[in-house]
Amino acid sequence: MAPPSMMTPFLRSGTPSQSGEHQVSSAVHSAVHSRSHSPTDFDTSYNEDLRSQLKVRGLLPPHVESYELQKARCLEQIAQKSNPIDKYMYLSNLRNTNVNLFYRLLMDNMKEITPLVYTPVVGEACVKWSHIYTQPEGLYLSYADRGNLRAILDNWTAEHVDIAVVTDGSRILGLGDLGVNGMGIPVGKLALYVGCAGIQPDRTLPITIDVGTENAANLKDPLYLGAKMHRVSEAEQLEFLDEMMIALNDKWPGLLVQFEDFKNPFPSLERYRNTYTCFNDDIQGTGAVVLGGTINALKNTGIPFKDQKLVFFGAGSAAVGVAKQICELFIKSGIPESDARKMFWLVDSKGMVANDRGDTLQEHKIYFSRDDNNGQQFKSLEEVVDYVKPTALMGLSTIGGAFTESVVRKMASYNEKPIIFPLSNPSSKSECTFEQAMQWTNNKVIFASGSPFPDFEADGKVYTPGQGNNMYVFPGIGLGTVLCEAVHVTQEMIYASAVGLAESLTDEEREKGLLYPNLDRIRSISVIVARSVIRAAQKENLDKNKTLQWLNDMELDNYIRSKMYNPAGGDHSGASSPTLEVNGQPAQLPNL
Ligand SMILES: NC(=O)C1=CN([C@@H]2O[C@H](COP(=O)(O)OP(=O)(O)OC[C@H]3O[C@@H](n4cnc5c(N)ncnc54)[C@H](OP(=O)(O)O)[C@@H]3O)[C@@H](O)[C@H]2O)C=CC1
Ligand SMILES: CC(=O)C(=O)O
Ligand SMILES: [Mg+2]
């Protein structure tokens with residue numbers, strides 16, 4: 001996302017940035033006119049009238065192009081780049097110079113482009129961030145600026161911000177502490193907010209807080225863009241976050257803050273969930289997306305809930321978030337809580353999580369810690385799988401390849417249809433691949449992974465893997481929260497998003513045994529998720545926008561669609577009137 005000063009046609013305010021606007025626009029294009037141009041003015045699809053209005057006649061090549069031609073050029077250029085990081089950089093540049101074209105391209109080619117702007121390629125981009133950096137794409141809040149954060153927010157000139165995604169860079173995907181190089185994650189998540197749920201691009205704000213890093217390579221790297229210091233203490237970080245939350249809500253009251261990729265995300269979630277409008281995507285969004293897929297997977301096994309046994313490899317924020325959401329499904333189905341929590345076995349770096357293991361368990365592991373292992377301790381995943389004989393195996397460990405052939409074959413020997421979800425990101429950290437899971441289970445596996453894998457062909461049949469990635473829910477959670485102006489994001493709203501997702505499968509998708517809908521339908525899925533979230537917020541009386549209560553579901557869906565950003569036409573669900581403005585007036589859009 002370009003800073004708003006680089007996106008003039010979307011901006012409703014004419015407020016110049018304190019420092020950036022003149023500098024940025026002159027860097028893009030020498031100021032040959034009194035009116036400084038935004039990069040977004042340079043769109044070859046603009047017709048003659050619009051070119052005149054914008055004073056860009058002569059600055060653009062003469063041929064007025066259809067979107068199809070523009071798209072063909074973009075796709076050709078992407079195809080010509082020989083490595084993923086070059087494709088990522090091309091797309092970043094396109095987003096910063098022609099936001100409409102970027103989002104049309106993304107929306108029309110979700111399956112192909114999402115992996116280039118999100119997992120897996122965003123992982124590589126983050127690792128290399130300080131080396132591939134060309135321009136600011138979000139707000140960097142430095143520890144050195146504590147006490148002054150409110151003033152720094154004024155440098156971001158957007159009049160409105162609906163959603164901010166914030167990371168401290170301490171656990172970027174499964175790649176560890178990347179410090180400020182983690183900026184690729186808020187940028188990528190917000191691109192999906194726009195592409196998947198139609199949040200207005202100029203109302204999104206990627207934030208990376210720089211509170212140090214423990215990444216030794218970054219600390220030594222002369223090109224590293226963050227402060228060369230070790231991380232501040234947990235208490236100091238919380239104090240900094242307190243200041244940030246106050247400042248954000250002062251500048252943009254009621255904005256939604258999404259916390260992302262914190263190594264220890266529990267303290268901030270507990271601290272802010274009942275005070276501000278916020279959620280943690282790794283605990284709650286992941287919990288919801290995996291619950292949604294699990295609801296469909298459990299149906300496919302035909303095994304009653306009470307007989308399900310789930311082993312989690314990894315017992316961090318994502319694993320516990322997922323286990324809690326699935327546990328809630330069991331409880332809501334009538335299984336007593338004391339029995340439901342016993343259907344889960346967690347495995348961390350020290351082995352199976354049990355009360356008598358001899359170490360002090362972190363707070364978040366205690367709920368699912370076993371007390372029925374009669375003193376037996378299991379160090380390896382395989383030992384736990386032998387002991388439990390699970391119906392489902394979930395991977396949220398950051399350990400690529402951890403679901404070995406032996407483990408996966410055992411899952412297949414215990415189950416007619418084993419559920420195996422290697423959910424760690426990016427692809428290099430996936431606990432196994434789709435191909436491996438298929439081959440080692442004789443194609444019986446019910447599968448979803450965090451990062452995308454290609455289809456697998458066997459016996460003349462094409463099998464499609466599920467992608468259990470929170471990208472299926474966080475855009476809709478955000479959209480619903482923003483539209484009904486929910487004051488908090490509650491567990492009921494998160495749970496509702498999962499149920500909405502699970503129910504969004506078409507009959508055809510169900511017949512094929514899919515767990516998640518086709519990604520090409522993501523905009524309509526986000527409408528369903530948003531509606532589910534809004535209804536849940538209304539039930540809890542957390543919605544400030546009461547007018548939506550009067551709408552039936554069809555009317556509410558139409559309302560949601562009408563509010564979704566749509567880049568200048570195209571046959572996308574949720575098409576709304578274009579947002580392009582010229583000198584504060586709605587622009588006549590070219591007929592694309
Ligand atoms: N698919 C999706 O949508 C999402 C996927 N994820 C992915 O999940 C992964 C984990 O994220 P998160 O929970 O936040 O990270 P955490 O760091 O909080 O958790 C990682 C967990 O894995 C355990 N672990 C690490 N090494 C081993 C090992 N060798 N053997 C067994 N367990 C091990 C850790 O053990 P210990 O507790 O002992 O340190 C910890 O419990 C990441 O790869 C992330 O990309 C996250 C969010 C969404
Ligand atoms: C997808 C995601 O949020 C993660 O891997 O952290
Ligand atoms: Mg994450």
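Numbering of ligands and ligand atoms starts at 1, following listing order.
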Can you tell whether the side chains of Lys332 and Glu492 come within less than 4.0 Å, N to carboxylate O?
yes

Give yes if a backbone or side-chain nitrogen or oxygen of Asp282 is under 3.5 Å from a nitrogen or oxygen of ligand 1, and no if not.
no

Residue list, side-chain hydrogen bond (donor to acceptor under 3.5 Å, both in side chains) with Thr275, at least two apart or on another chain
none

Tyr367 six-ring face occupied by Arg341 cation (under 6.0 Å, within 45°):
yes

Less than 4.0 Å between a side-chain N and a carboxylate O, is that true for Lys365 and Asp359?
no

Please report whether ligand 1 has a polar contact with Arg171, defined as an N or O pair separated by less than 3.5 Å (distance criterion only).
yes

I need the nearest protein heavy-atom contact for atom 5 (O) of ligand 2: residue, atom name and distance, please.
Asn425 ND2, 2.8 Å

Ion pair Arg370/Asp356, N-O distance below 4.0 Å
no

Residues Lys111, Asp520: salt bridge by 4.0 Å N-O rule:
yes

Between Lys379 and Glu383, does any NZ, NE, NH1 or NH2 come within less than 4.0 Å of an OD or OE carboxylate oxygen?
no

Per-atom filter on ligand 2: closer than 4.0 angstrom to a heavy atom of Asp282 are 2 (C), 3 (O), 4 (C), 6 (O)

Pair up each side-chain donor or acceptor in residues 474-483 with any protein partner under 3.5 Å, not counting sequence neighbours, and list the distances.
unit_1, atom_1, unit_2, atom_2, d
Thr481, OG1, Ile477, O, 2.7

Determine all donor-acceptor pairs shorter than 3.5 Å in which one atom belongs to a side chain in residues 388-396; sequence neighbours excluded.
unit_1, atom_1, unit_2, atom_2, d
Lys389, NZ, Asp386, O, 3.1
Thr391, OG1, Gln308, OE1, 2.7
Thr391, OG1, Lys309, N, 2.9
Thr391, OG1, Lys309, O, 3.0

Verify, without hydrogens or angle tests, whether Arg523 (side chain) and Gly195 (backbone) share a donor-acceptor contact under 3.5 angstrom.
yes

Give the intermediate values and the outcome of ring-ring contact (aromatic ring centres under 6.0 Å, His included) for residues Phe240 and Tyr143.
CA-CA 7 Å; Phe240 187 78; Tyr143 192 66; 5.7 Å; yes

If I apply the N/O under 3.5 Å rule, does Asn470 come out as touching ligand 1?
yes

Any heavy atom of Asn469 under 4.0 Å from ligand 2? The part involved is side chain

Does ligand 1 have any atom sitting under 4.0 Å from a heavy atom of Lys263?
yes

Please check whether Val289 reaches ligand 1 - meaning an N/O of the residue sits under 3.5 Å from an N/O of the ligand, judged on distance alone.
no

Can you tell me which residue among Leu346, Ile283, Ile366 is in a side chain to side chain contact (heavy atoms under 4.5 Å, CB included) with Val320?
Leu346

With a cut-off of under 6.0 Å to the ring centre and 45° to the axis, is Lys189 in cation-pi contact with Tyr118?
no

Looking at Thr286, which atoms of ligand 1 are within less than 4.0 Å of one of its heavy atoms?
2 (C), 3 (O), 4 (C), 47 (C), 48 (C)

Heavy-atom distances under 4.0 Å decide this one: backbone, side chain, both or neither, for Asn470 against ligand 2?
side chain

For the Mg ion (ligand 3), report each protein N, O or S atom nearer than 2.8 Å, sorted by chain and then by residue number.
Glu260 OE2, Asp261 OD1, Asp282 OD1

Between Asp282 and Asn280, the two heavy atoms sitting closest are N-OD1, 2.8 Å

Heavy atom under 4.0 Å from ligand 2: found in Asp261's side chain, backbone, both, or neither?
side chain

Looking at Ile399, which atoms of ligand 1 are within less than 4.0 Å of one of its heavy atoms?
26 (N), 27 (C), 28 (C), 29 (N)

Tell me whether ligand 2 is touched by Lys189 - counting only heavy atoms on the residue side and a distance under 4.0 Å.
yes

Within reach of ligand 2, part of Tyr118 (heavy-atom separation under 4.0 Å)
side chain

Within a distance under 4.0 Å of any heavy atom of Ser397, pick out the atoms of ligand 1 and give their elements.
22 (O), 24 (N), 25 (C), 26 (N)

Taking distance alone, with N or O pairs closer than 3.5 Å, would you say Gly316 contacts ligand 1?
yes

Tell me, please: is Lys365 in heavy-atom contact with ligand 1, that is, under 4.0 Å?
yes

Structural part of Met471 in contact with ligand 2, heavy atom criterion under 4.0 angstrom
neither

